[in-house]
Amino acid sequence: MTSRIVKRLSAAGANTVGTAVFFLFSFVFIGWWVNPALQYHYRMPIFLLGKPFLAGFWDKPGGWLEYGARFLAQFSQIPWAGALIATAILFAIYLATGRLLGMAGQSTSRFPARERILQQPEKRADIQSTATLKEKPVDKKVFTSERGGGDSARGAMVDLVPSGLLFLLAIRYDYPWLETSTGLLAALGAAVAYFTLPLRNPWLRLACFYLLAGILIYAAGIVPAVLFVWLGGLLELVARRRWVLGAVGLVSGMLLAAWFANWAAVRPAELMLPWGDGWKLTMAAYLFYPFAILLLGALGGRAARAPAPLAKDKPVRKQRLSFRERMRVLGRSDRLYRGIRWCWLLAAMVVAFRTFDDNRKALIQVDYYAGREQWDEVLQAASRLERYNASSRLNINRALYHRGQLLDSLFCYRQSREFGLLPGPERGIEICRALSATWLELGQVNVAEHWAHEALEEEDDRPDILMLLAKVNIIKEKYQAARTFLGLLRRNPFHRRWADDYLRRLDGDPKLAEDAELARLRSLRVTTDQPGGSPPALLLLQLLQANPRNRMAFEYLMAHYLLSMKPENIVPHLDRLATYNIPELPRHLQEALLAYQRHVLLESKQTVNLRGRTIHPEIQRRFERFLEILTSFQGNAEAARAIMAREVGDTYWYYSLYEETFRKRTSAREVNP
C-alpha cells in the first residue's frame with residue numbers, strides 16, 4: 001500500500017515539480033541572464049520620497065499602481081532583488097489564476113469542493129439505509145479539486161499561461177513590465193477577494209462589486225478594472241449560476257467606469273493607456289485583454305464541468321474521503337495533459353532563449369558600464385554588438401581612450417564619416433546624455449551643461465543626469481543650483497548617500513577643492529569663448545589652447561581628423577606627441593600619414609616631416625598589399641570590397657576608401673536600445 005501511495009503522490013506531484021522548475025528558471029534567467037539592473041538603467045524611472053512627488057500620482061486613475069511600480073523598480077538596481085520581485089509577482093499571478101480556476105470548477109453548495117458531497121433524501125422507509133449507502137463505492141466524478149482529480153491536469157495547463165506570457169515580457173528591456181504585471185495581479189486579486197466574500201445576499205454582493213471596481217479604477221486604472229468586471233461577471237453567470245447578478249454586474253461595472261471617467265475629467269485615451277502614448281505602451285495596456293479572453297475561456301470550460309447546484313429542499317450529508325481514496329483520486333491526472341504541460345514549460349524556456357535580444361542587452365551594457373567608468377566591460381560588451389546606435393559609439397570611443405587604444409583601434413569598431421566623432425542632435429535626441437558626459441570629461445563644461453539639460457528634458461529626472469548637472473554647477477561655482485539637483489537626488493532612496501556626501505562637503509568647502517575629479521575638470525575648462533554650435537574641431541582646439549596638456553582633447557582631435565579624412569591636419573600637431581610622452585606614432589596615424597605621404601610624393605615629389613618618427617615595416621607591408629589589391633581590380637573599389645575587408649578591414653585605408661569601417665558582425669543599420 002505504501003508503494004501505491006507513493007506512486008499516486010508522484011503522479012499528482014508532477015505538476016508541482018513542473019511549476020517549481022518554471023519559477024526557478026524564471027528567477028535564474030531574469031537575475032543572471034537578463035539582469036534587472038540593466039532593465040532599470042534603460043528606463044530608470046524616477047522615484048522620490050516625500051509628498052510633492054506622491055501628489056503627482058494621488059489624484060489620477062492608476063496613479064497608485066504607477067507609484068508602487070516605480071518604487072519596486074528601484075530594487076532592480078540589485079539584480080537578485082529585482083529577480084526575486086519579478087518571480088514573486090509571477091508566482092502570485094499563478095496562485096490567483098489557479099484560485100479562480102478552482103472556484104470555477106467547484107460546486108455551488110456550501111461545502112468545500114475538496115470534500116465528497118453526497119446527496120441524500122430524508123430518511124424514509126423506502127430509502128436505503130445508511131449502512132447500504134456507506135457500502136456504495138466512491139463516485140470519483142463528484143470529487144473535484146483545484147489542483148488534482150477530474151480535470152486538474154487540464155486546469156493546471158491554464159493556470160501557468162498568464163505567468164508564462166508575462167515571463168516572456170519580463171525578459172525585455174523596453175517594456176513597462178512592472179506596471180503591466182502589478183495591474184494584472186490587482187485585477188486577479190480583486191476577483192479572488194470578491195468571490196471569497198461570505199455574502200449570499202445579491203444586493204450586498206453587487207455593492208461589493210461596485211466598491212472593488214471603483215477602487216481598481218482609482219488605484220490601478222481602467223484596464224485592470226475592466227478585467228475584474230469581466231472575470232466577476234463570468235463567474236457569477238457561469239460558475240455560480242447567478243444570471244441576474246452577473247449580467248447586472250457586467251453592465252453596471254461598465255457604466256461605473258464611464259461615470260468615473262466623466263467625473264475625473266480625464267481623456268478616455270489617458271484612462272485606457274495609463275502608462276503613456278506610443279504603440280509599445282498601448283500594447284502593454286491592451287495585453288490585459290488577451291489575458292482576459294484566455295481566463296474567460298478557461299473559466300467557462302472549467303465551470304461547464306462543475307457539478308450542478310444542489311436542490312435547496314434536499315438535506316445533504318458530507319462524508320470525507322479516506323486517505324487511501326484521496327490518493328487514488330489524486331493519481332488520476334491525465335498523462336496526456338501532464339505531458340502537454342511539460343512541453344509547454346520547455347517551449348517557454350526555449351522561446352525565452354530564442355527571442356531574447358542579445359544586441360539590445362549589449363547596447364545597454366555599453367551605456368551602463370560607461371556610466372560607471374568600467375571601460376574594460378564597455379569594450380567587452382562592444383565586442384558582442386551586431387548593430388550600433390549613436391550613444392554606443394560615443395561610449396565605445398571614450399572606453400578606447402581610457403584604455404589607450406583610441407588611435408590604435410578606432411577602426412576596429414563601427415565608424416562612419418557621416419556620423420563623425422562628436423555629432424550633434426541630428427543623430428537623435430537620445431544621444432544627449434552620452435554627448436554631455438563626453439564633453440564634460442573633455443573640459444567643455446558649458447557644452448556639457450547644454451546637452452545635459454536637453455537630456456533632462458527628454459529623459460526626465462534620471463539620477464545619472466542629475467548627478468552630472470550637480471557636478472557641472474559645482475565646477476561653475478553655481479552652488480545653489482548644485483544644491484537643487486542634490487536635493488532631488490537625496491530624495492531617492494538609492495542615491496541619498498551620494499547626495500548627502502556632496503552636500504556635507506559643500507558645507508565645509510563650497511569649491512570641493514580636495515575632490516580630484518572636480519579639480520581635474522576645472523584645470524581643463526576653456527578660457528575663451530566660442531559661438532554656439534561651433535564644429536567639434538574648433539571646440540577641441542579651444543581646449544588645447546586653454547590647457548596644452550589636455551591629452552584627451554588631443555587624441556580626440558586626431559581621431560576627428562582621421563574620421564574626417566584630413567591627414568594633412570594631423571602633421572602640424574605631431575610635435576604634441578612629446579608633450580604626452582608618446583614615443584611612437586599610433587597605428588592609425590601611421591596609416592593615415594603613410595597614405596598622405598604617397599599622395600604628396602605623387603603630387604609634389606616632397607616628403608612629409610614626421611618629426612623624427614618612422615613608419616613600422618608591418619604597416620608599410622600592409623599598405624603595399626592594399627595598393628596591390630586595388631590595382632588588381634583596376635581601381636574598382638566596390639569589386640574589391642570583400643577582399644579588402646578580409647585583409648585590411650581594420651585600417652584607415654579601408655575607411656578612407658569606403659567612408660566606413662568593416663566589422664563582420666556589424667550592420668550599417670542604426671538602432672536604438
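For the numbers below, each heavy atom of this structure counts, side chains included, while hydrogens, waters and symmetry mates do not.
Side-chain contact between Leu184 and Ile89 is absent, with no heavy-atom pair separated by less than 4.5 Å. Taking 4.5 Å as the limit, every side-chain heavy atom of Asp367 sits out of range of all side-chain heavy atoms of Leu363. The side-chain heavy atoms of Arg99 and Thr196, taken from C-beta on, include a pair separated by under 4.5 Å. A 4.5 Å side-chain heavy-atom check between His41 and Arg462 finds at least one atom pair inside the cut-off. Looking at heavy atoms from C-beta onward, Asn389 lies out of side-chain contact with Glu430 at the 4.5 angstrom threshold. Side-chain contact between Gln39 and Ser76: absent, with no pair of heavy atoms (C-beta onward) separated by less than 4.5 Å. No side-chain heavy atom of Leu90 sits under 4.5 Å from any side-chain heavy atom of Ser181. The closest side-chain heavy-atom distance from Arg43 to Pro176 is below 4.5 Å.
With rounding to the nearest 0.5 Å, the separation of CG in Leu212 from CD1 in Ile217 is 11.0 Å. Atom OG1 of residue Thr182 and atom CD of residue Glu66 lie 10.0 Å apart, to the nearest 0.5 angstrom. Atom-to-atom distance recorded for Thr355:OG1 and Arg172:CZ is 8.0 Å, nearest 0.5 angstrom. Taking CG of Leu166 as the start and OH of Tyr175 as the end, the distance is 7.5 Å to the nearest 0.5 Å. Distance check: Leu49 CG to Phe71 CZ gives 8.0 Å after rounding to the nearest 0.5 Å. With rounding to the nearest 0.5 Å, the separation of CD in Gln74 from CE in Met44 is 9.0 Å.
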Stepwise side-chain contact (heavy atoms from CB on, under 4.5 Å) check, Leu466 with His495 = CA-CA 11 Å; Leu466 296 177; His495 295 88; over 6 Å; no

Test Leu65 against Glu179 for side-chain contact (heavy atoms from CB on, under 4.5 Å), laying out the working first.
-> CA-CA 7 Å; Leu65 183 144; Glu179 292 89 336; 4.1 Å; yes

Passes ring pair (Phe, Tyr, Trp, His ring centres under 6.0 Å), Tyr42 versus Tyr173? Steps please.
-> CA-CA 7 Å; Tyr42 176 70; Tyr173 294 99; 7.3 Å; no

Begin from the C-alpha positions of Leu211 and Ile215 and carry the test side-chain contact (heavy atoms from CB on, under 4.5 Å) through to its verdict.
-> CA-CA 6 Å; Leu211 179 62; Ile215 292 175; 4.0 Å; yes

Do Ile465 and Asp460 pass the side-chain contact (heavy atoms from CB on, under 4.5 Å) test, and can you show the C-alpha distance, the side-chain angles, and the key distance before you say yes or no?
-> CA-CA 9 Å; Ile465 301 176; Asp460 208 356; over 6 Å; no

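The aromatic rings of Tyr67 and Phe47 sit tilted, their planes meeting at an angle between 30° and 60°.
Between the side chain of Gln77 and the backbone N or O of Gly82, no donor-acceptor pair lies under 3.5 Å. Using modelled atom types, one side-chain atom of Tyr218 and one backbone atom of Trp58 make a donor-acceptor pair closer than 3.5 Å.
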Show me the donor-acceptor pairs, under 3.5 Å and distance only, between side chains in residues 25-38 and residues at least two apart or in other chains.
from, atom 1, to, atom 2, distance (Å)
Ser26, OG, Phe22, O, 2.9
Asn35, OD1, Ala37, N, 3.1

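In plain terms, the two heavy atoms of Leu488 and Leu48 that are nearest each other are O-CD2, 3.2 Å. Among all heavy-atom pairs drawn from Trp498 and Leu489, the shortest one is CZ3-CD1, 3.6 Å. Contact between Leu216 and Ala187 at its shortest, heavy atoms only, is CD1-CA, 4.2 Å. The minimum heavy-atom distance linking Phe53 with Ile46 is given by the pair CZ-O, 3.4 Å.
Ring to ring, Phe75 and Tyr40 are not that close: their centroids are 6.0 angstrom or more apart.
Of the listed residues (Glu459, Glu457, Glu458), just one forms a salt bridge (charged side-chain N to carboxylate O under 4.0 Å, His left out) with Arg433, and that residue is Glu459.
Remark: Ala96 engages Leu188, Val192 in a side-chain contact (heavy atoms from CB on, under 4.5 Å) (not counting sequence neighbours).
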